[in-house]
Enquirer: 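After the C-alpha cells below, expect a handful of questions from me.
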2 protein chains.
Amino acid sequence: MKRITIRDVSERAGVSTAAVSYVLNGREGKVSQETATKVRRAVAELNYIPDFSARSLAGTRSKLIGVVIPQTEDQKQLLLQNPFYSELVCGIEARLRQSGYHMILSGVDKGEGYLDTSMQRNLDGAIIMGIYQESFYDDLKRVKVPIVLIDSYVNDSYFQTVSIDDEAGGYMATKLLIDNGHSNIALVTGLIRKDGVVEKRFLGYKRALKEAGLFYNSDYVFEHSVSYEYGQEAAAAIAAGHPEITAVFASSDLVALGVLRGLSDAGKRVPEDVSVVGFDDIPVARMCNPPLTTVRQNIVARGAMAADRLLKAIEEGEDSLADDPSVARLEMAIRQTVQRLTPN
Amino acid sequence: MKRITIRDVSERAGVSTAAVSYVLNGREGKVSQETATKVRRAVAELNYIPDFSARSLAGTRSKLIGVVIPQTEDQKQLLLQNPFYSELVCGIEARLRQSGYHMILSGVDKGEGYLDTSMQRNLDGAIIMGIYQESFYDDLKRVKVPIVLIDSYVNDSYFQTVSIDDEAGGYMATKLLIDNGHSNIALVTGLIRKDGVVEKRFLGYKRALKEAGLFYNSDYVFEHSVSYEYGQEAAAAIAAGHPEITAVFASSDLVALGVLRGLSDAGKRVPEDVSVVGFDDIPVARMCNPPLTTVRQNIVARGAMAADRLLKAIEEGEDSLADDPSVARLEMAIRQTVQRLTPN
DNA sequence: TGTGTTAGTTTAAGCGTTTAACCTTACAAT
DNA sequence: ATTGTAAGGTTAAACGCTTAAACTAACACA
C-alpha cells in the first residue's frame, strides 16, 4: 500500500504541489478560495496524511516537544513513580495533543545526551523538570529552541519558567502548625540546594517560625532525600530522639507518607500525638490513612501552563511572552493529619 | 550555526557520503577497516549528529515508538495518575532509550486518530495499553508495524502481547482469603468485559470459591469501575448491607485503597473486622495504612518485557518471536490487611 | 591474454515536504 | 498602447539521508 503524498493530492485536485502545500499550511493570500476547496476535497477523498519527517526535513516545524523528567537514584528509570511528575506529564500531554504536537518523554543520563536527542529529532521545544546538573543547562542553551523549566531554580533568564511560590508554601504549612499551637516543629526534606525548590520551602519554614517568635533549631531539620524511605527513617529518628516534637512539616507528600508510616511504626498516633503537613497534594494524599493535610498546588494545571507557555513561545516567538514568569496559586488542603495541640 | 551533515563528514574523511552512511549503519563488509576509521574520526572531530527526520524520510527506521495509554473518563487526560500505567511507562522508556529509540507518549481520543499519528511520524512500532474500543484495533492493523498489547485481551493473533495470568492472580488472592478462614468474600471490580483482564480475575475468584466448596453469591460482586471512588462506595455498601462479609478482594490496588477508606469511614477496622486483598502491587500499596496485602506483578519489568519484544520484532522481524506469548510471573505480597478469621 | 570474481567505493536517484523565485493573467492607471 | 501591480499559480531547488546500481582495482585462474 503506497503512501499518499502531496503529489497525489495535487494531481487529483488538478493543481501544483505548491498550491496544496499552501492550502495545508493555511498560507492566506497565496491561494484562491476555489483552489483551496479543490485541494481540501482531494485531501479528504484520498485520505491524505502528511509526513512529518518530510516536513521537518524541509525546514519547518517538527511539532515534536521534548519532555524531560528526572530519574531514580540509580539512573535506571524515570521518576514517574513520583505522582508529582506523572501529573505534570498529564497536563502537558493534554495540551500538546490538543494543538497537534507530540511529546517525546525521556530521562537524561546524568545530564548527558539530551542535546543529541534534541538535534536528532529537530525538537521544536522542551519542557524540563527538576534537573540540577549545571552542565545540562549550558548544553540546553546551545540548541536555539524555546525551553520551559519546572521546579528548577536555574538563575538564568534565558529559560522560561512555570513555578509556584515555594517560599510561601513552606510558610503556609508551618504557619498552620503554629496556629494549631505547635512550637516544636520538625522539617523533613530533600537535600537543600542553593536556589532549589527545597531551599525555598525551607526558607518559608524559617520565616514562619521567626514571625511567631519561635526559636529555629537546626536539630529539627532532617535533610536528605525526597523519598518515602527517608520520611520513614526521619520519623523513626524523631520518635526516638525528640519526644518533644509535636509536628512535622514534610516538604513533599511522598516524604510525608513515609513520615506517617515511620511514626505509626514507632507507636505514635497521627494526629493525636504528632501532626503532619505535606506539600504538593498528590492524589494519594487524600487516599492515605489518615488523609494528609498538605499544601495544594494544582499540578496538572501547572503542566498545562508550561505547555501553553512553550507553544506560545514557539508559535509567536519568545518575545511574545511578557517576562512575568507564571506562578501558580497555592492553598492549604486541610484534611486529617493536623490536630490542635491542647496542653495537658 | 549550520548543521553538520553527512556530507561534511564525508569531505573531512575524504570518502563518499555513501561510505559514511555505511559506516554509521554498521553495514559490515561494505567498507574497509581503514575507511571506517577515517569516518569515525571525522564524526568525532566534527561532532556529527544524524538527522532522524532525514533518515526516516529516506525510508529506514524512525526509531520512534508510539506508546498509548488510556485516558480519564472525561477523555481529557492521560491515566498516568494510575501508578500502574506510570510504572509500565518507566519500564518501557528505560529499555527504549537504552536501544536508541524514543517514545511518543500519548492518549487517544475515543480510539480515533492514532492511525494518523502513526503514519505522520512513521512510527516503527507501538505499545498499547488497556484500550477496549474495537475499531481502534482494526485501524491498528492497517499500519503494518509491530504492536505489543498490554492488558487488553483482544482475541487476535496479529498482535503481540505481554500479559500476566490474571485468572491465576484472582485465584491466588481469593485462595489466600479462604485459607485464612473467610467464606463470605466480596469482589469489588471494574466493569467485567468479555475477554478483559477484569473478567479473568473474576473467573479466578469463582474458581477458588468453587474449589473450596463455597457458594458463589452474585450479590457479593460489586462491579463498576476501576477507581478509588468506586472502591470507597462499594465498601460503604458492604458495611451497610452485608455485615456477614468478612473479606474483600479488590481487583486493583486503586480500588483496594478506596475500599480501605470506605471501610474505615464506616467504622470497620482492617484487618480486624474485614480483610482486604488488592491486585497489582503499585508503590502506594506498601505506603498506605495499613500496608496492603496484594497480588504482586512486577510492573516495571513487564513494561521492559513489552519493549524488548517490540524491539525484537522490529529489528529481527515479527517471526523471530516464537509464539509463546510472554507471561509475567505473579506472587502474593503479604502485608497487613489480611487476618485469620477466628470464630467467636 | 583474457576472463572472472571479489571487495571496496562512488554515483545518483529517490524519500515527501516547503518555499524562493519565477511566470501568467487581469485589470487599473497613465 | 504602454506600463505597473496585484493575485494566483507553477517550477524546481533544497532539506539530509539511504541504497540500488554502476564502477574500479586487484587478484586468481585457465
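Reminder, nothing fancy here: chain letters follow the sequence lines and each chain counts from 1. Computed from a prediction, not measured in an experiment: that's the story for all the values here.
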Enquirer: Measure the distance from CD on A/Gln33 to P on D/dG9 and round it to the nearest whole Å.
Expert: 10 Å

Enquirer: Work out which heavy atom in B/Asp138 is nearest to a heavy atom in B/Arg142; give both atom names and the distance.
Expert: O-CG, 3.3 Å

Enquirer: Answer yes or no: does a side-chain N or O of B/Thr5 lie under 4.0 Å from OP1 or OP2 of D/dG16?
Expert: no

Enquirer: Need the bend value for the helix from C/dT1-D/dA30 to C/dT30-D/dA1: angle between end axes, 5 pairs each end, nearest 10°.
Expert: 70°

Enquirer: Measuring from the side chain of A/Pro50 (C-beta onward, heavy atoms only), which nucleotide among C/dA12, C/dT17, C/dT18 has the closest atom?
Expert: C/dT17

Enquirer: Counting only side-chain heavy atoms from C-beta out, which of D/dG16, C/dT11, C/dT9 sits nearest to B/Val31?
Expert: C/dT9

Enquirer: Determine whether a donor-acceptor pair (one donor, one acceptor, N or O, separation below 3.5 Å) exists between the side chain of B/Tyr22 and the base of C/dA7.
Expert: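 Check fails, no donor-acceptor contact within cut-off.
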
Enquirer: What I'd like to find out is whether the side chain of A/Leu140 reaches to under 4.5 Å of the side chain of A/Phe159, using heavy atoms alone.
Expert: yes

Enquirer: Looking only at side-chain N and O atoms, does A/Ser32 come under 4.0 Å of OP1 or OP2 in D/dG9?
Expert: yes

Enquirer: Specify the separation, in whole Å, of atom CZ of B/Arg7 and atom C1' of D/dA14.
Expert: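 In whole Å, D/dA14 C1' and B/Arg7 CZ are 12 Å from each other.
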
Enquirer: Report the distance from atom CG of B/Leu24 to atom P of D/dC17, rounded to the nearest whole Å.
Expert: 8 Å

Enquirer: With the side chain of A/Ser16 defined as its heavy atoms from C-beta on, choose the nearest nucleotide among C/dT17, D/dC15, D/dT10.
Expert: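 Looking only at side-chain atoms, A/Ser16 lies closest to D/dT10.
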
Enquirer: Within the pair A/Ser21 and C/dT18, is there a side-chain N or O less than 4.0 Å away from OP1 or OP2?
Expert: yes

Enquirer: With a 4.5 Å cut-off on side-chain heavy atoms, are B/Leu64 and A/Arg121 touching?
Expert: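 Yes - at least one pair of side-chain heavy atoms lies under 4.5 Å apart.
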
Enquirer: For D/dT19, does OP1 or OP2 lie under 4.0 Å from any side-chain N or O of B/Arg27?
Expert: yes

Enquirer: Is B/Leu123 close to B/Val145 at the side-chain level, that is, under 4.5 Å between some pair of heavy atoms?
Expert: no

Enquirer: Could you state the CD1-P distance from B/Ile49 to D/dG16, rounded to the nearest angstrom?
Expert: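 Going from B/Ile49 (CD1) to D/dG16 (P), I get 14 Å.
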
Enquirer: What's the CG-C1' distance between B/Asp51 and C/dC15, to the nearest Å?
Expert: 13 Å

Enquirer: Does the A/Ser62 side chain pair with the main chain of A/Asn122, one donor and one acceptor, at a distance under 3.5 Å?
Expert: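 Side chain of A/Ser62 to backbone of A/Asn122: a pair is present.
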
Enquirer: What are the two closest heavy atoms between A/Val39 and A/Val9, and how far apart are they?
Expert: O-CG1, 4.3 Å

Enquirer: Can you check the B/Arg61 CZ to D/dC17 C1' distance for me, whole Å?
Expert: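 In whole Å, D/dC17 C1' and B/Arg61 CZ are 15 Å from each other.
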
Enquirer: Would you kindly give the CD-to-P distance between B/Glu34 and C/dA7, to the nearest whole Å?
Expert: 17 Å

Enquirer: Starting at CZ of A/Arg3 and ending at P of C/dG14, how long is that distance when rounded to a whole Å?
Expert: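 Rounding to the nearest Å, CZ of A/Arg3 and P of C/dG14 are 19 Å apart.
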
Enquirer: Measuring to OP1 and OP2 of C/dT9, would you say a side-chain N or O of B/Thr35 lies under 4.0 angstrom away?
Expert: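 Indeed, a polar side-chain atom of B/Thr35 lies that close.
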
Enquirer: On DNA chain C, nearest-nucleotide positions of B/Lys30 versus B/Ala54: which is more 5'?
Expert: B/Lys30

Enquirer: Closest to the B/Ala18 side chain: C/dT17, D/dT19, C/dG16?
Expert: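 Closest nucleotide to the B/Ala18 side chain: D/dT19.
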
Enquirer: Should the ring pair B/His102 and B/Phe52 be called parallel, tilted or perpendicular, given that the plane angle runs from 0 to 90° and is split at 30 and 60?
Expert: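 Rings of B/His102 and B/Phe52: tilted, as their planes differ by 30° to 60°.
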
Enquirer: Where the side chain of A/Ala58 is defined as all heavy atoms beyond and including C-beta, which of C/dG16, C/dT9, C/dT19 is the nearest nucleotide?
Expert: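 It is C/dG16.
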
Enquirer: Under the criterion side-chain contact (heavy atoms from CB on, under 4.5 Å), which of B/Leu80, B/Leu78, B/Ile299 is the partner of B/Val89?
Expert: B/Leu80

